[in-house]
Amino acid sequence: MRAVRLLLFLGVITVSLAWPESTPREALLVLSKGDHTLAIVDPSTLKVVAKAPVGEDPHEVIASSDGKFAYVSNYGGGAYNTLTLIDLIGQKRVTAIDLGPLRGPHGLVFVGGKTWFTAEGAKAIGRYDPAKSAVDWILGTGQDRTHMIFVSEDMQRIFTTNVSSATVSIIEKSNQTGFPGPPPGPGPGGPPPGGPPPGGPRGPMGPPGGNWEETVVPVGRGAEGFDVTPDRKELWAANAQDGTVSIIDLTTKKVTGTLQANVRGANRLKFTRDGKLVLISSLGGSGLAILDFATHKEVKRINLGGGAAGIEMQPDGARAFVACTGGNYVAVIDLKTLEIAGRIDAGPGPDGLAWVVRP
């Protein structure tokens, strides 16, 4: 009897001293809207190695390029104004980043060492600089429900979908170096006596952050999920209310085609890494639509047993991960067979997904 008790006691000590699993070098991040957590998943085992609290109404997540941190948007339909910062190595919440009047943060990307985000409530996009612990740039879109965002690698082009305006914004860095100055000489419109107005001239320096030009492209109703082709020549936007997909030529900045894709309730649209397939999730439906990029035809529709949201591609192109919000799991899709190859239980109501890699 004493031996049994000793073994039980040693077993308790062993369990209590066991180290938690560390974050793998490559990991899948999964947001749970049901329990307000971020799950860190080992993609080789499909097991959750850790969870961290992320605050109210988490919708999207993105990882820093060094793989050390994740940023989560606390959306609330415009009620909230924070990004939650998560330490992926320590597997814990660090802080809530106050965005001030930039309410309704949603779409996220991490480019150039900074986190870019949409702010629906402010009809704007912004950029957070972790080195300065501050928002260092804001640009208004003038569109309703600016929702998702894509920023080019050279940070010269930004694309957003504007759900309620049924538009896509193409925002480009302008070659113009500044505002034109006032005409020479005294008189109406000329410089005031005694030199330039207070604050200095509006000369070649221009406004902070440089000049940007916005082209607003009308698309279908409820444009939300979108992606840019790997060759950066086209943008495809899924229109949730119309069930269509708008194709925009990024050179002419015009819609060149509208696909009757039957994707009402479309939530996200993503290209596979090789650009051959297009995956479209639907919160209003029960599955995932897969289109052939070259033919624009549907090749398969996978029943996921409930509405689906976030989509994330594995970097090697072998698998896709789809958040089945209604079914409370993440589906693992084999991109060769186009079949469900596994399931991940990361918490109720999964939504935003992201891939993290530590160099």
Practice problem: Apply side-chain contact (heavy atoms from CB on, under 4.5 Å) to I40 and L88, showing your working. | Solution: CA-CA 8 Å; I40 303 172; L88 294 175; 4.0 Å; yes

Quiz item: Can you tell me if NZ on K51 sees more than 12 non-hydrogen neighbours from other groups inside 6.0 Å?
Solution: yes

Exercise. Could you walk me through whether I311 and L353 pass the side-chain contact (heavy atoms from CB on, under 4.5 Å) test, one step at a time?
Key: CA-CA 6 Å; I311 303 173; L353 307 175; 5.7 Å; no

Self-check item: Same apolar cluster: I340 and L338, side chain cutoff 4.5 Å
Solution: yes

Practice problem: Taking the six-membered ring for Trp and the single ring otherwise, decide whether the centroids of W137 and Y128 are under 6.0 Å apart. | Solution: no

Quiz item: Are the side chain of R103 and the backbone N or O of A79 linked by a donor-acceptor pair below 3.5 Å?
Solution: yes

Exercise. Could you walk me through whether I158 and I170 pass the side-chain contact (heavy atoms from CB on, under 4.5 Å) test, one step at a time?
Key: CA-CA 6 Å; I158 304 168; I170 300 174; over 6 Å; no

Quiz item: If you look at every heavy atom in W355 and A63, which pair is closest and at what distance?
Solution: O-CB, 4.1 Å

Quiz prompt | Any side-chain heavy-atom pair of R157 and L250 under 4.5 Å | solution = yes

Quiz item: With the threshold set at 4.0 Å, does a side-chain nitrogen-carboxylate oxygen contact exist between D87 and K92?
Solution: no

Practice problem: Report yes or no: do D154 and Q156 form a side-chain donor-acceptor pair below 3.5 Å? | Solution: no

Quiz item: Between I302 and V330, is there a shared hydrophobic cluster once you connect ILVMFWY residues whose side-chain heavy atoms come closer than 4.5 Å?
Solution: no

Quiz prompt | Minimum heavy-atom distance A166-G220, with the two atoms named | solution = CB-O, 3.3 Å

Practice problem: Output yes when E60 and R268 qualify as a salt bridge under the 4.0 Å nitrogen-oxygen rule, no when they do not. | Solution: yes

Exercise. Please determine if R221 and D242 form a salt bridge, counting it only when a charged side-chain N lies under 4.0 Å from a carboxylate O.
Key: yes

Quiz item: Donor-acceptor pair, T84 side chain versus A96 backbone, under 3.5 Å?
Solution: no

Quiz item: For the side chain to side chain donor-acceptor pair (under 3.5 Å) test, which of K68, Q91, R358 pairs with T23?
Solution: Q91

Quiz prompt | Identified side chain to side chain donor-acceptor pair (under 3.5 Å) partner of T146 from the options T160, N162, T118 | solution = N162

Quiz item: Hey, mind stepping through D129 and K114 against salt bridge (Lys or Arg N to Asp or Glu O under 4.0 Å) and telling me if it holds?
Solution: CA-CA 5 Å; D129 185 348; K114 301 181 182 184; 3.7 Å; yes

Quiz item: Nearest heavy-atom pair of A266 and A238: which atoms, and what distance?
Solution: CB-CB, 3.7 Å

Quiz item: Hey, does the side chain of S246 reach the backbone of V219 with a donor-acceptor pair shorter than 3.5 angstrom?
Solution: no

Self-check item: Closest heavy-atom pair and its distance - A309, L283
Solution: CB-CD2, 4.3 Å

Quiz item: Any side-chain heavy atom of L108 sitting closer than 4.5 Å to one from I149?
Solution: no

Quiz item: So, D249 side chain and T256 main chain: donor-acceptor pair closer than 3.5 Å or not?
Solution: no

Practice problem: Look at E120 together with K123 and state whether they make a salt bridge at an N to O cut-off of under 4.0 Å. | Solution: no

Exercise. Run through Y75, Y80, F117 and flag the one making a ring pair (Phe, Tyr, Trp, His ring centres under 6.0 Å) with H106.
Key: Y75

Quiz prompt | Any donor-acceptor N/O pair, K33 side chain to D351 backbone, under 3.5 Å | solution = no

Quiz item: Are E312 and K270 ion-paired here, with the side-chain N under 4.0 Å from a carboxylate O?
Solution: no

Quiz item: So, does D292 use its side chain to make a donor-acceptor pair with the main chain of T295 at under 3.5 Å?
Solution: yes

Self-check item: Side-chain donor or acceptor of S165 paired with backbone N/O of D144 under 3.5 Å
Solution: yes

Exercise. Indicate whether any N or O donor in one side chain lies under 3.5 Å from an N or O acceptor in the other, for E234 and T229.
Key: no

Quiz item: Under 3.5 Å, side chain of N74 to main-chain N/O of V54, donor-acceptor pair present?
Solution: yes

Exercise. Would you name the heavy atoms of I62 and A354 that are closest together and state the gap between them?
Key: CA-CB, 4.1 Å

Exercise. Look only at the side chain of W212 and the backbone of S174, and say whether a donor-acceptor pair between them is shorter than 3.5 Å.
Key: no

Quiz item: Mind checking whether V357 and R25 have side chains closer than 4.5 Å, heavy atoms only?
Solution: yes

Quiz item: Do V30 and F321 touch side chain to side chain, with heavy atoms closer than 4.5 Å?
Solution: no

Quiz item: Do V245 and T258 pass the side-chain contact (heavy atoms from CB on, under 4.5 Å) test, and can you show the C-alpha distance, the side-chain angles, and the key distance before you say yes or no?
Solution: CA-CA 6 Å; V245 174; T258 301; over 6 Å; no

